[in-house]
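Input: a single structure, listed below in structure tokens.
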Amino acid sequence: MSDVAESRTISEILENPRIRVVFALVVMALTLVLLAGGFVFLRDATRAPRLVIASVALIIGVGGIWALFYAMNTIAELFRPSVRDRVLPYVFMAPAVLALGFYIVWPAINTINISFMDRFGNEYIGLENYAFIFTNEAMLVVLRNTLLWVLLAPTVATALGLLIAVMVDRFKPTAEKIVKSLIFLPMAISFVGASVIWRFVYAYQPPGLPQIGILNAIHTALGNDPLAWITLRPWNNLFLIFIMVWLQTGFAMVILSAAVKGVPRDLLEAARIDGAGEVRSFFSVTIPYIQGTILTVLTTIVFLVLKIFDVAYVMTSGQYGTNIVALRMYQEAFVQRNFGRGSALAVVLFVVVIPLLVRNVRGLKETRG
Amino acid sequence: MSSKAQTLTVVGGPTPLQRTLAGVPIRLFIFVVLVIWTMPTLGLLVSSFRTQQAIAGSGWWQGLFNFADFSQWTTANYQRVLYADQMANAFFNSLLITIPSTVIPITMAAFAAFAIAWMVFPGRQILFVVIVGLLIVPLQMALIPVLRVYTRYGINGTYLGMWLAHTGFGLPLATYMLYGYISTIPKSIIESAHADGATPWMSFTRLVLPLSIPAIASFAIFQFLWVWNDLLVALVFFGTRRPIVTTRLAELVGSRGQSWHVLTSGAFVTMIVPLIIFFSLQRYFVRGMMAGSVKG
């Protein structure tokens, strides 16, 4: 009861126009001081006790954005409801629009511009960066590898995911659930973590020493000499690509499993009455029925594969003929500091990706209804 | 055989024995896939608890077969990687980056989605289409110009720089997901709140936000894991002077590529948070991952 009484007196006090103006300005000022002070503290006070840093960071990071919205809303509420309701949409939209403008729209346009410039992004050099990408010998290997990734990882992951989805569909529900969550599990692991996991699988010791990588252990148990898989050109590309398959099959499986369960039972039964076996009805009923979903899964993984540089970065740093566009873009821009070339590589990725994604955003909307 | 398959049996179909035998190759195939999908992670986990000598001396599977040989087991790898190799510090920094990088985009996107869905202003449909359209811009398109601004104003290597970068890159997806949910709230609920004198702020915080918890949870899990597992944004905008889990692990691979006692335990430290989320919130996890697959 006392709460209600108290809040009523506060709102009565706030009815007073002058007090409301002062209140709104104080809220806004406090918010700005909080944000600026917190930023400077977090930037400079790296030696402060951890608990202090953590509390300040969480108060600024989590509370700051709410304080900002609250302060802006308080100011908007100073006006008549009719004015307030006209202003408020812009107030609610403003932070998102500003963030999108600064972090996506402006940089994307700027990157296209820089891609026609020299390494410092100062002078225009025409199409030189693009000419380099499509004629330099090392770059051609990069493009070949990228094509290999894009062709293999999505198709293998999708085919395997579909196969598993169809097969476990007749398991008992508990068994199906366990199998599916074990195959989905790698989705939780970072690309860096997955790379370390697979480096250990591919680990190599010279002949005579005990093989601690499971692949070489099997390989030598069959009577062969151990192989250094990740330096073995050109096959090492396949071993890196398999890591991506391992990571993405779960994604394909979950989406395709839902699609497979959506194939009408009577369609399958009709096929069976017509004498079609399991395999026949899979190819002539199930696949045509879910082909839209299959295409969506494929393109989604293609998009991911094009952008992900972590696996190649951790496994080989792009050496031994394993570099790909996304990694080369990182190296050109942030290791060699050649902004022109880095931008041109980013633009290449972007141009390849556009048609895929336009289709996909539509496709996913349809699959989810 | 499941009851589902039995209902499909047509007169003259295979006998139960034939059907059981037909299931054998399938079970075998699934078994092999399961082995390939779980062994690598299991090997990492087992090795992270073996001494340096044990790891180099025999395969981790042999360690499992001789489980009773307790001289091979140790927790020293974790102590070493956490303190001497900075992983504890990295874990702490990762948390401080990831939590605000999840909360800020959700908050901004929720306000924006609410405005687009329930407030009247000119151009709101176009604005929504533009925001969703930004989903197709790959991250790589944004890095160089933003880095130049960051370097000029000393924002590079700060928590705030990371929060805002992840906010910007996560916003299109967040707005898309939250709008999809917020716009389906029944009109009558919003209108009756308005009739009762609720300000937009009140209907947003007391009505729309609580009702949107499922969508918020799905996106929060996706964004949290995306930021936690991110390497690229961290390398470009945060650098390696102050470690976070992914950059630290990648550095360990570069500098100590054969020290498997450090790499296995280090990798497991980076994986523990995602794995806990995976096992405790599986349904939201799957939903979030599915919805997040279109992220730019």
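Keep in mind that the numbers below use all heavy atoms, side chains included, and drop hydrogens, waters and symmetry copies. Just so we're on the same page: letters track the sequence lines, and every chain starts at 1.
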If you draw the axis of the six-membered ring of A:F171, does the NZ or CZ of B:R27 fall within 45° of it and under 6.0 Å from the ring centre? yes
Tell me, please, whether B:F92 has A:R50 positioned over its six-membered ring: NZ or CZ under 6.0 Å from the ring centre and within 45 degrees of its axis? yes
Nearest heavy-atom neighbours spanning [X] and [Y]:
{"X": "B:A112", "Y": "A:M93", "answer": "O-SD, 3.5 Å"}
{"X": "A:V196", "Y": "B:A267", "answer": "CG1-CB, 3.8 Å"}
{"X": "A:P107", "Y": "B:P145", "answer": "O-CG, 3.4 Å"}

Within-4.5 Å side-chain heavy-atom neighbours: [X] and [Y]:
{"X": "A:F102", "Y": "B:V149", "result": "yes"}
{"X": "A:I212", "Y": "B:W260", "result": "yes"}
{"X": "B:Q282", "Y": "A:S181", "result": "yes"}
{"X": "B:M39", "Y": "A:V201", "result": "no"}
{"X": "B:W163", "Y": "A:I65", "result": "no"}
{"X": "A:M187", "Y": "B:L225", "result": "no"}
{"X": "A:P210", "Y": "B:Q62", "result": "no"}
{"X": "B:H194", "Y": "A:D85", "result": "yes"}

Does [X] reach the main-chain N or O of [Y] with its side chain, forming a donor-acceptor pair under 3.5 Å?
{"X": "B:Q140", "Y": "A:M329", "result": "no"}
{"X": "A:D310", "Y": "B:L232", "result": "no"}
{"X": "B:W37", "Y": "A:L182", "result": "no"}

Do A:W66 and B:T107 have side-chain N/O donor and acceptor atoms under 3.5 Å apart?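 Per modelled atom types, A:W66 and B:T107 side chains form a pair under 3.5 Å.
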Interatomic distance, A:I104 atom CD1 to B:M141 atom CE [nearest 0.5 angstrom]: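 It is 11.0 Å, given to the nearest 0.5 Å.
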With a 4.5 angstrom heavy-atom cut-off, which part of [X] approaches chain A: side chain, backbone, both or neither?
{"X": "B:S58", "answer": "backbone"}
{"X": "B:P105", "answer": "neither"}
{"X": "B:L143", "answer": "both"}

One pair to check against side-chain contact (heavy atoms from CB on, under 4.5 Å): A:Y313 and B:L235. What are the steps and the verdict? CA-CA 12 Å; A:Y313 178 83; B:L235 278 179; 3.6 Å; yes
Above 12 or not: heavy atoms from other molecules or residues under 6.0 Å from OH of A:Y90? yes
Check this for me: A:Y70, atom OH, are more than 12 non-hydrogen atoms of other residues, nucleotides or ligands nearer than 6.0 Å?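 No, not enclosed.
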Mind telling me whether A:Y103 and B:F169 have parallel, tilted or perpendicular rings, with 30° and 60° as the class edges? perpendicular
Check the orientation of A:F92 and B:F111. Use parallel for under 30°, tilted for 30 to 60°, and perpendicular for over 60°. perpendicular
Taking the six-membered ring for Trp, are B:W201 and A:F69 closer than 6.0 Å centroid to centroid?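 No, the ring of B:W201 stays outside the 6.0 Å limit from the ring of A:F69, centre to centre.
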